[in-house]
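Taking it in order: structure first as structure tokens, then the write-up.
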Amino acid sequence: MINDKHLTLPVTELQRFCMHDGPGIRTVVFFKGCPLRCVWCHNPETQNSHGEMLYYPERCISCGGCMSVCSHKAQNVTETHVFDRSLCAACGLCAEVCPTEAMMPAVKDMTLESILSAVVRDRSFFGEDGGVTLSGGEPMMHPEGALRLLSACKEAGLHTAIETSGEFSRMLIPSLIQLADLLLWDVKDTNNERHRQYTGVPNLRILDNLRLADRLGGRTRLRCIVVEGVNTDDAHWDSVAALYGELNCCEGVELLPYHAYGGSKMLPLGLSDNGRKDWIPTDERLNNIKKRLRERGVTVIDGSR
Amino acid sequence: MEFYTVSKDPRPVRLSETTRIFAYDSLEHHAYGLAAMKTPAVTMDHIENFTALSPLEQERLILAEIAEKAPTRLIQGERLCGAATLGLAISHVIPATYAGNVVFPSISHLTVDFGCVLTEGLCGIRKRVEASLEAHKGSDREAFLINCMTALDAFETWHGRYVDALEHHADAVARDGVLPPCPAFEVTLQNLRRVPLQPATTFHEAVQSLWMAFAFVRLMGNWPGIGRLDVLLGDYLERDLQNGILTLEEAREILAHFFIKGCEWVRGGDQGSGDAQHYQNIVLGGIDEQGRDVTNTVTYLVLDILEELPIGDFPTTIRVNAHTDEKLLRRVAEVMRHGGGVLAIYNEDLVLKAMTGYGYALDEARRFANDGCWEVQVPGKTNFSYCPFDGLGILQHTTLRDYAEDVDYASFDSLFEAYLRDLGAVVESICRGRLGCFSVMDADNGIYTWHPTLPCTVVSLFEGGCIEKGLSYHEGGPVYHVLSPHIGGLADTVNSLYAIQKLVFDDKRLTFAELMTVLRSNWEGYEPLRQFALNKYAYYGNDNPECDRIAAALLSGFADACARYDGLSPYKFPAGVSTFGRQLEWAPHRLAAPHGRKQGEVLAANASPTPGTDREGATAMIRSYATADLSRMVTGAALDCKLLPSSVAGEDGLNALVSLMRGFVAEGGFFLQPDVADAKILRDAQEHPENYQTLSVRVSGWNARFVTLCREWQDMVIGQNEG
């Protein structure tokens, strides 16, 4: 039971029928807010904690609906539509009237109850493997809500997983591993200097937390992004293998090849596309990394993304 | 040589290179269908006073003529023989002409009882015909039974010509070495010395007997489904494996030839809907009359073959229930991932609930197969047809009178009631039409006199009841008579009603009269409102209970309307949902729709959502669809489910596909046609057909080689994939 009906969580998306965010069919709840600023982020709309509007000018038909409801003068339609983000308070009124979904709020505050009732709808499809995955952003940016949601999902008999950057207070780990059946732990780079350079934070706490979670019996899958030319050196993957070797409760390592799609998602936020085609690893590269990991005793989980 | 797959992983190789080449050549080069078109039909022009003969006398002569004159076809290396070689059969008629005109139409939408050929042989069937002749001596049923004898004679004549051809080949090899020796022919000749005249004793004989019976029925122009292939062949295989006279590998080769021979009408005729739509459906798995799981080695061999060879001509459906073995479902998922849409699933639990709820005895229901598409029936005992109509057309043209100015409804309920009334009138005209097939002698005792129809003796031979009663397939012979009214345009009718409910009654964005004006104008000048209607409501397919309950109420009302005519005659009128691609032909007649659609758009297929409206993914789509009590759609309601190759890749993808099927069963779905395809790939195939000769897609109850679809059908399939 969820007692606190007023506790809300900032959800960017509730995505059903996900096949690659943990085992089986899963419903993934994406939260807004992240302590990392990975340059390759493929969900950039989840980075900032504050509300913001997504604007898709290609959908706009300049009907002027937004202008008529905006009290901040952020919307202007004369010949064509101009959206002035600097004046926008992200109140979301424009999105309510926009018929083409050219204006969309990046986040919706949802009560735990409403999230839970949405998640259980796919129960028939979860089977023994599937369930719910909390993702983001960093779900543990909202520790109280995230843990309560996990707890409620468990009570409802669902398999629970969380996709985490690992960058959160170690105090939370004992409760987290009680409530999450599987931790999808991002290991973006074992090279601390590069980690800081590309994500904005060092990896020390992330890896310490991982080890602690493992010691306490938390089941993990390491999720490793592969960015061509950035973290494709053997040293990093050998360290991943070594890390895997240290862990007792790790199911395996899953490779997430970088794709440039996240770059295109910068545009609706009013930022420029920072996608880099040269960062996309080839199949050959991925296979070589998998082979190298396997040679070092790592179970490679072939999600085939 | 490699066969096309949408998966990153290649198709496995289990078959011999010879068989794989035979498959490749049969799909790519032989173009048997084109060869058949060279001799489209036999002619009856040499028969004096042909037109003066009775239809049964004409049929008698035609059967004999086809059996004697149809070209025989032997392909070096084939392990089964017999072929439906007359081209007009590919156009669904009996391939015989008189004075340039086709004489008789033929029969489809049924699965005949091929099992009796395997277990009794033609000689056993002949004995039954003789007994019935004796019983009906002197009655008006004699003429039909004489034609049954003629049909059996024709089968034996045709069979004899293959024996002769094979003997001739063997002689020619032995005599002068002109022809290359063919060990496969030698085995076939041995098999033909027993089957199909006698009951089959081995797996190879059984496959040969089944193929020859199937080919004969098709030679005579009919398009039967195959039915439960693993039930038909399973025992023969188990026995041979136990006795050590056959290996599993050998059995797979033999069965593969059955599938390869099934491509024999490839590229014959000119159909927009693809060259593989001949209703040769197969059903696998599930339980038998006693409730025991029938899954056997043949089930898995079929899956092996479909995984290796991209043959789409035999659309295959697996009966899945809550207890289906995980191993079987995983194999099914593995095959599905290669694309082609060749595998579909029935929710057996729901089908049985539907059939028994409708009045079929449980053991009869458990025997279910389909009619050659996916409408369920008791095979070998059912006279089946369906009558499709456009449910959206009823709403637009009748209930809303083409959006006339004075159309007004005060509430959503009054509109919905009016729609159900108009729908009921259409159902009534469909059902009443069929009541004219007979005159009633004694309704209380179920005695009817059927009006004579055109002869259809060949399928009648294999339909339980016909021989015994001395009545043909269309004249009261079979045990069951079914005419299933099929509603089409379901999603768009539901979405139209829901949009009206929201726009007019709930959100009060405009009045009913204003909406009629907007729709009459085809949304011209109302683009923001159209966009609002398109984007702001969660339509059928998104697990929105508010919308889905309209679908549930509509189908329930439809089933009630059909039920009113049951019990008035031998005919039953079970409901069903389908379009089978008719959304294309309906499009030009459709007006603008309240859910933001413009006049003439190609809208939803079968019981699937309107293209572009399902935003929540497959699970939400299935829940929307299964909100209705689909057990009242007794002949079926098909849901198309397009999946991207990437989303079902890897171990996770495989597990997810299995979970999707389990969820479909748990939610109460009826029939799921998943297709793993990628719109991008299909577009490339449109531009470069030469690279995609063996790419097959699920169209609607059947598969087609994508490149053989006409542009319009290709666009429709792509549209569904872009969803």
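What you see is a predicted model, and the numbers here were worked out from it, not measured in a lab.
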Q: Look only at the side chain of A:Arg26 and the backbone of A:His20, and say whether a donor-acceptor pair between them is shorter than 3.5 Å.
A: no

Q | Check: B:Phe664 main-chain N/O paired with B:Glu667 side-chain donor or acceptor under 3.5 Å | A | no

**Q.** Name of the residue among A:Val253, A:Leu222, A:Thr220 meeting side chain to side chain contact (heavy atoms under 4.5 Å, CB included) with A:Val187
**A.** A:Leu222

**Q.** Residue among A:Leu9, A:Leu14, A:Leu149 satisfying side chain to side chain contact (heavy atoms under 4.5 Å, CB included) with A:Met110
**A.** A:Leu14

Contact check, side chains of [X] and [Y], non-hydrogen atoms, under 4.5 Å:
X        : Y        : result
A:Leu182 : A:Arg221 : yes
A:Thr46  : A:Phe31  : no
B:Asp629 : B:Leu555 : no

Q. Is there any residue in residues 540-552 of chain B with a non-hydrogen atom under 4.5 Å from a non-hydrogen atom of chain A, and which ones are they?
A. B:Asn542, B:Asp543, B:Pro545

Q.
Does any backbone or side-chain atom of B:Arg615 lie under 4.5 Å from a heavy atom of chain A? Answer side chain, backbone, both or neither.
A. side chain

**Q.** Among B:Leu534, B:Val658, B:Val648, B:Ile622, residue most engaged with chain A (heavy-atom pairs, under 4.5 Å)
**A.** B:Ile622

Q. Which of the residues B:Arg530, B:Glu527, B:Arg623, B:Arg662 is involved in the greatest number of heavy-atom pairs with chain A at under 4.5 angstrom?
A. B:Arg623

Q: Can you sort out the partners of B:Ser659 under side-chain hydrogen bond (donor to acceptor under 3.5 Å, both in side chains), two or more places apart, ordered by chain and number?
A: none

Q | Side chain, backbone, both or neither of A:Ala95 within contact of chain B (heavy atoms, under 4.5 Å) | A | backbone

(Q) In this structure, is the centre-to-centre distance between the rings of A:Tyr258 and A:Trp40 below 6.0 Å? (A) no

Q) Can you name the residues that form a ring-ring contact (aromatic ring centres under 6.0 Å, His included) with B:Tyr537, not counting sequence neighbours? A) B:Phe532

(Q) Non-hydrogen contacts under 4.5 angstrom with chain B: give the residues of residues 121-128 of chain A involved, or none if there are none. (A) A:Arg121, A:Asp122, A:Ser124, A:Phe125, A:Phe126

Q.
Please determine whether a side-chain nitrogen of the Lys or Arg among B:Arg330 and B:Glu651 lies less than 4.0 Å from a carboxylate oxygen of the Asp or Glu.
A. yes

